[in-house]
Asks: 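What follows is a single structure, and I will ask about it in a moment.
Values below: every heavy atom of this structure, side chains too, minus hydrogens, waters and symmetry copies. Quick note on labels: first sequence line is chain A, next is B, and so on, each numbered from 1.
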2 protein chains.
Amino acid sequence: MSNCLIAQSGGPTSVINASLSGVIDSAIESPNIHTVYGAINGIQGVLNHNIINLTSIFAPSKSKLEVLKTTPSMFLGSCRYKLPDFTEDETEYKLIFDIFERKKIEYFFYIGGNDSMDTVLKLSKYAKIKNKNVKIIGIPKTIDNDLFGTDHTPGFGSAAKFVATTMLEISYDTYIYDIPSVTIVEIMGRNAGWLTASAALARNEYNSSPDLIYLPEVPFSIYDFLSNLKRIQKTKKNIIVAVSEGIKDKDGNYISASENALDDSFGHAKLSGTGKTLEHIVSKSLGCKVRSIELNVLQRSAMHSASLQDINEACEVGNKAVEYAVDGYTGQMVSIIRTSHNPYKYQIDCVDIEKVANKEKLIPTEWIHAENGDITNELIEYISPLTFGQPNIQYKNGLPVYLDIRHLISNN
Amino acid sequence: MSNCLIAQSGGPTSVINASLSGVIDSAIESPNIHTVYGAINGIQGVLNHNIINLTSIFAPSKSKLEVLKTTPSMFLGSCRYKLPDFTEDETEYKLIFDIFERKKIEYFFYIGGNDSMDTVLKLSKYAKIKNKNVKIIGIPKTIDNDLFGTDHTPGFGSAAKFVATTMLEISYDTYIYDIPSVTIVEIMGRNAGWLTASAALARNEYNSSPDLIYLPEVPFSIYDFLSNLKRIQKTKKNIIVAVSEGIKDKDGNYISASENALDDSFGHAKLSGTGKTLEHIVSKSLGCKVRSIELNVLQRSAMHSASLQDINEACEVGNKAVEYAVDGYTGQMVSIIRTSHNPYKYQIDCVDIEKVANKEKLIPTEWIHAENGDITNELIEYISPLTFGQPNIQYKNGLPVYLDIRHLISNN
């Protein structure tokens, strides 16, 4: 009987450990798998022989898997490391498959985004060419929702929910004083605007904020932005703007790095993010009260407000990865297919990794209003069901109870 | 039979509407009160005759009071307005008491922080001197917890819980890459460090972060700060610092405005908050990965993670305000007395407004470690019980359901 190895890579999401929990649970239960191993810090953990026995941690106390399921961050740590092309340099591939052989690894699961899927692609190609009996399976995760081959990515729903909830709460916070104000909320997603678009879920029959949405998919014009603010100010006192960190002008320059837009006294754009840059521009041009809010890493770590739907799907995707691997699939990424829109229904499938790796799925043009760059109802209906349900978190002394994970990593 | 008037003032907290809900509920039920009025935008709403009938909104559907109890922001809007000394200028006092008389207001409730208690003090003094039969009662609120005369202020527990929860989640987020990092979390509280101290609740047997805490009560030295980072870096890879927005150097200058600490290229401190300023200093001096996170208005508006204890106390303080007023008390602030530390028990009392207005309660010296400015266990035990319990929020389509409040305020 053979063993399996799991690793995590890229940036964290609230639910990437739910996928890990799903893989470990199914792998421990599988009659085809003897021991479940984890590599610390992604593929670099394999290269550095930094591998731990997950069966010995979780098999004796499976309740820990339930806590892992609602623990943010990445239990096994992460890396951002691109393997070289093996036709040019085979060294690391030899090292990796040597470890696989010594540890009797027949199944390798890699949980990550589009860069991590490049690792899955390269390892599975190498295994095929060299006739290695190792099944390589990718498991999707990213708050950015920019992976091809899947309806959406685990991690996106929870981040979308945090953005929308916070946007709603900010909209309540901003109106209280009887003076005009502009609030700029900077949201993650450098090239894909899915998460910025999620701010629109906060709109309801009473709340029209965010009043303006700026996606990275649409070239940003400071002139148009200021005209829009002035137009809205005629009928509304407190304006809220949802803006992607990655907005660019028509020539493709990041607004956060834009010095032309700023005069000398505000010229040090490298100090500022996109929100801060826009804050200075609006402050200078409109003279009203302006505030910028950067939602920052809370978008990917706020497990306390995660989506139950997202947690469950992430876990299920992990379960299915083991099933596919044991069934002999390799070079595949587990994916989610939406089978019904209203009510929302889905099933788990898998997709050839070639169709996913190194690509970036942006918001399709038909989901963006051409005249103002805002988003369509179709896009809101696409995102909304992914945010449903509250996480089953245990609380102790007022705070959520998460699994202790740092003892695995030295010096933390 | 006479009427009552309620207004809110100062900055919002997650639970200031819970106090409002408590006042409205008790006032509607009181046999001594006919109609419950609300002034829009604090005392300015009284001066501008901007007064609405709350009985007509809430008496027919008391379930709305339950939703109001868990709605963030300030239902009646706010102001930051200081009444002049009435011995110098009586005009506004005459206007206010003229409105009181015309509307048959016998009870006036003002929910706010130490500046708002100045309004309570002045109005109650004026009423006494002019022999006006209006009972003036203050109801405490502030995330800063800086009011005298009460064990703690409603609003603080929820903000403390948000800070601690977020600090815990950030500590999970930071360790994943195998490279040294410093994360600086900027927390509200310009002069009082209660909220910054709350970050320490995130520490547990596995998590030692925040590794450093900087309160505004302790003079800040950049030299000591950098030495501390270097010392901790010897044994720990990822360091997290909790810092008050209001830290000052030994001469009383805000660090956020400090240009001496920065060389020319980083000299535009007015662009940056305290966290950003420290980020640049650490980045320049230590050269490792540095990130700053400003928790911003989420600290006072994140009702989704509020403390049930805090919500209930805020509501109860509102209930009791009506009781005290009807019993004839005036020139008082409702207060919370801690009657037992472990288990935490309290009772509601009231305190002469002279003892509260215009004062600021800082963290006592004996709760701060002299050698490193960190906080003692006594302080943690003081804060912890205020954060207990999850709010009973209804969710719809993934998002919390809050009461529609903006239709009251024009142009919003």
Asks: Could you check which of B:Leu295, B:Thr183, B:Asn207 has the highest count of heavy-atom pairs closer than 4.5 Å to chain A?
Replies: B:Asn207
Asks: Can you say whether A:Thr165 sits under 4.5 Å from chain B via the side chain, the backbone, both, or neither, judging by heavy atoms?
Replies: both
Asks: What is the distance from atom CZ of A:Arg80 to atom CD1 of B:Ile179, rounded to the nearest 0.5 Å?
Replies: 9.5 Å
Asks: Of the backbone (N, CA, C, O) and the side chain (C-beta and beyond), which part of B:Asn204 lies under 4.5 Å from a heavy atom of chain A, both, or neither?
Replies: neither
Asks: Could you check which of B:Thr387, B:Leu386, B:Val297 has the highest count of heavy-atom pairs closer than 4.5 Å to chain A?
Replies: B:Val297
Asks: Side chain, backbone, both or neither: which part of B:Ser14 has a non-hydrogen atom closer than 4.5 Å to chain A?
Replies: neither
Asks: Determine yes or no for a side-chain-to-main-chain donor-acceptor pair under 3.5 angstrom, with B:Glu169 supplying the side chain and A:Met303 the backbone.
Replies: yes
Asks: For the pair B:His304 and A:His304, name the ring-plane relationship: parallel under 30°, tilted 30 to 60°, perpendicular over 60°.
Replies: parallel
Asks: Let me know if B:Ile393 has heavy atoms under 4.5 Å from chain A in its side chain, its backbone, both or neither.
Replies: neither
Asks: Tell me, out of A:Ser209, A:Pro385, A:Ser208, A:Ser78, who's got the most heavy-atom pairs with chain B below 4.5 Å.
Replies: A:Ser78
Asks: Would you mind telling me which of B:Ser384, B:Ala164, B:Gly11 has the largest number of heavy-atom pairs within less than 4.5 Å of chain A?
Replies: B:Ala164
Asks: Quick check against the 3.5 Å criterion: does A:Tyr175 have a side-chain atom that pairs as donor or acceptor with the backbone of B:Met74?
Replies: yes
Asks: Hey, does the side chain of A:Tyr206 reach the backbone of B:Leu403 with a donor-acceptor pair shorter than 3.5 angstrom?
Replies: no
Asks: Side chain from CB out, backbone as N, CA, C, O: work out which of these in B:Asn296 comes under 4.5 Å of a heavy atom of chain A, or both, or neither.
Replies: side chain
Asks: Looking at side-chain heavy atoms only, is the closest gap between B:Ile40 and A:Asp178 below 4.5 Å?
Replies: no
Asks: Could you tell me the separation between the CZ atom of A:Arg203 and the CG atom of B:Leu399, rounded to the nearest 0.5 Å?
Replies: 13.0 Å
Asks: Please classify the contact of B:Tyr81 with chain A as side chain, backbone, both or neither, using a heavy-atom distance under 4.5 Å.
Replies: neither
Asks: For A:Ile176, is there any backbone N or O sitting under 3.5 Å from a side-chain donor or acceptor partner on B:Asn41?
Replies: yes
Asks: Which answer fits B:Ser292, side chain, backbone, both or neither, if we ask what part of it has an atom under 4.5 Å from a heavy atom of chain A?
Replies: backbone
Asks: Measuring from atom CG of A:Leu298 to atom CD1 of B:Ile170, what distance do you get when rounded to the nearest 0.5 angstrom?
Replies: 5.0 Å
Asks: Quick check on B:Gln309 against chain A: is it the side chain, the backbone, both or neither that has a heavy atom closer than 4.5 Å?
Replies: neither
Asks: Count the heavy-atom pairs under 4.5 Å between each of A:Gln44, A:Glu205, A:Arg291, A:Lys161 and chain B, then report the option with the highest count.
Replies: A:Arg291
Asks: Please flag which part of B:Leu168 lies under 4.5 Å from any non-hydrogen atom of chain A: side chain, backbone, both or neither.
Replies: side chain
Asks: Rounded to the nearest 0.5 Å, what separates atom CG in A:Asp173 from atom OG1 in B:Thr13?
Replies: 10.5 Å
Asks: Taking all non-hydrogen atoms of both residues into account, name the closest pair between B:Tyr172 and A:Thr71 and its distance.
Replies: CE2-CG2, 3.6 Å
Asks: Check whether B:Ser307 gets within reach of chain A through its side chain, its backbone, both or neither, counting any heavy atom under 4.5 Å.
Replies: neither
Asks: When you measure from the side chain of B:Tyr177 to the backbone N and O of A:Gly10, does any donor-acceptor pair fall under 3.5 Å?
Replies: yes
Asks: Among A:Glu294, A:Arg300, A:Gln390, which has the most heavy-atom pairs under 4.5 Å with chain B?
Replies: A:Gln390
